[in-house]
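Shown next, in structure tokens, is the structure this report addresses.
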2 protein chains.
Amino acid sequence: MSAASGTRERILSAPLYKYVIETLIDRIASGELAPGIMLPSEADLGAELGVSQGTARKALIDLERRGIVRRRQGVGTFVAARTPESALFHFFRLRNPDGSHSVPELEEESVRRRKSSKCERETLFGRPDHVFEIERVRSIDGRRLVHEISVVPTPLFPGLPERSPLPNTLYVLYQHAYSIAIVQANENIRAVSGTPRVCERLGAAAGLPMLRVDRMARDLSGRTVEQRTSHFVTGNHCYAVELT
Amino acid sequence: MSAASGTRERILSAPLYKYVIETLIDRIASGELAPGIMLPSEADLGAELGVSQGTARKALIDLERRGIVRRRQGVGTFVAARTPESALFHFFRLRNPDGSHSVPELEEESVRRRKSSKCERETLFGRPDHVFEIERVRSIDGRRLVHEISVVPTPLFPGLPERSPLPNTLYVLYQHAYSIAIVQANENIRAVSGTPRVCERLGAAAGLPMLRVDRMARDLSGRTVEQRTSHFVTGNHCYAVELT
DNA sequence: GAGTGGTCTAGACCACTTT
DNA sequence: AAGTGGTCTAGACCACTCC
């Protein structure tokens, strides 16, 4: 191990594989390694970074667990692409009663720029003074069931309003147009009576029980880049969650 | 490796570490390794099972990831105990607005034995003809906010009604009295108007929006051993979820 | 100091996929 | 056949905890 510890700055005995992880995340975040691209083999990666194949392997396994790369035996390791499907079903948890997916369709959309609230400044990366607010209505099987308001900092998403209409899945746009990969989110779920505004947008009866989901979404580097409040009319549909 | 593959039945080239995992799970499930007990060291475990320390280590890491054991550097690996606290906060996801926990207190409880429904027979392990139904009301900060109905197969939980009043956290009882460790659950969440029965139990206004959470809980061996329907009055409280 | 888990290495062979 | 990830080994040293 003396050879390895000499070739690199080992800061305070931080594990070597974390250095490998950080290096790879930097390359992916910078766009040097774009989604879909194949990474070097474990052996090559280890050789390049001056670590053993086993250490490179450990880093790659960790990245796969976090959904950042995908590995296929006999083929290689690839930077995970947020395809519309995977992004949708990973972060869009509404399911049919039998557990199957229904693809939600976009019905209405509006994008505006406005000053950020105090709360948004405290949560979002970069403490932005201004944010883009994206309001959307989605329907499932022809019924308007979903209302979303996504808030993102303007500095990270230049020119976003001009891109309207935005794609069905925002996270795909974030990745392709802005090299921001959403990999983790925290959600707080409540049952509420639909607010007049939301009910009006969804054409729902006033006071109908709805799921209100407040999400904070983070990118590769752990920066909170989106705040989102969704309302779901869950008739026969369910919000599916797994506890492990 | 020839030595290793000779000492054990390696069925169809299943990974060795899975054999280690299965062995340990069997010992834990059978009660031979009770919660809180310290496992052998990686080296000893490997020696006993005829695998290398590294292979034993891989199995232990997997078991820790699944919440089945707990490892502490310099101390050892221990069978995870479902303490009231860990069970509560792992599977009880209601949080204060600031994200902190409040301990829910038990207000009312009733346990009865009844015939199982068709759906329960299809879901629960053993296709039981009869189930125990545990109905409970919980309060947080003095307000009755939670109503739960848990359904378990009678064959797995003999004498359960005689144990009433049951402890605050059922999963602790399952583990200590019946050697059944709940390690995984799937939940389907909906927003509903409180049913008359639930509203009456909670002393809530009829039609109040509530979270309805349908849970299927599985044990170490992946058997579905409990079906639970909870209703939450989420005023300022949230149901917290993490997506990764 | 003794014992534990945590990290790392170097090399081997296997299983899978593609050419 | 060549190249990839998947498994496994054996041995080393480090960091942590407890006595």
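This structure is a prediction, so every number in the text was calculated from the model and none was measured. The sequence lines fix the lettering, A, B, ..., with proteins before strands; numbering per chain opens at 1.
- Distances shorter than 4.0 Å separate some side-chain N or O of T77(A) from OP1 or OP2 on dG5(D).
- Across the protein-nucleic acid pair, L45(B) atom CG and dT9(D) atom P stand 12 Å apart, rounded to whole Å.
- Of the candidate nucleotides dG5(D), dT9(D), dT7(D), dG5(D) has the atom nearest to the side chain of Q73(A).
- We find that CE of M38(A) is positioned 11 Å from C1' of dT18(C), with the value rounded to whole Å.
- Taking only side-chain atoms of S41(B), from C-beta outward, the nucleotide of dT4(D), dT7(C), dG5(C) with the closest atom is dG5(C).
- Atom CG of L60(B) and atom P of dG5(C) are 7 Å apart (whole Å).
- With distances taken from any side-chain atom of R71(A) to the nucleotides dA10(D), dG5(D), dG11(C), the minimum falls on dG5(D).
- Environment of CG in N236(B): sparse, with no more than 12 heavy atoms of neighbouring residues, nucleotides or ligands closer than 6.0 Å.
- A distance of 6.0 Å or more separates the ring centres of F157(B) and F132(B).
- The side chain of R72(B) lies closest to dC18(D), out of dC18(D), dT7(D), dG5(C).
- For V51(A), whose side chain is taken as the heavy atoms from C-beta onward, the closest listed nucleotide among dT7(D), dT9(D), dT9(C) is dT9(C).
- Residue R57(B) places at least one side-chain N or O closer than 4.0 Å to OP1 or OP2 of dG6(C).
- In summary, the side chains of H237(B) and N96(B) do present a donor paired with an acceptor at a separation below 3.5 Å, with no hydrogens or angles considered.
- Comparing dG5(D), dT4(C), dT7(C) by their closest approach to the side chain of K58(A) singles out dT7(C).
- Between I61(B) atom CD1 and dG6(D) atom C1' the separation is 16 Å, expressed in whole Å.
- Among dG5(C), dT17(C), dT7(D), the nucleotide with an atom closest to any side-chain atom of V75(A) is dT17(C).
- The closest side-chain heavy-atom distance from S150(A) to L170(A) is below 4.5 Å.
- Atoms CD (E42(A)) and P (dT9(C)) sit 13 Å apart, rounded to a whole Å.
- Atoms OH (Y19(B)) and C1' (dG6(D)) sit 20 Å apart, rounded to a whole Å.
- With rounding to whole Å, E64(A) atom CD is found 14 Å from dT4(D) atom C1'.
- Between the C1' atom of dA10(D) and the CD atom of Q53(B) lies a distance of 9 Å, rounded to the nearest Å.
- Picking from dT9(D), dT7(D), dG6(C) the nucleotide with the shortest atom distance to the side chain of T55(B) gives dT9(D).
- Both the sub-6.0 Å distance and the 45° axial angle are satisfied by R163(A) relative to the ring of Y178(A).
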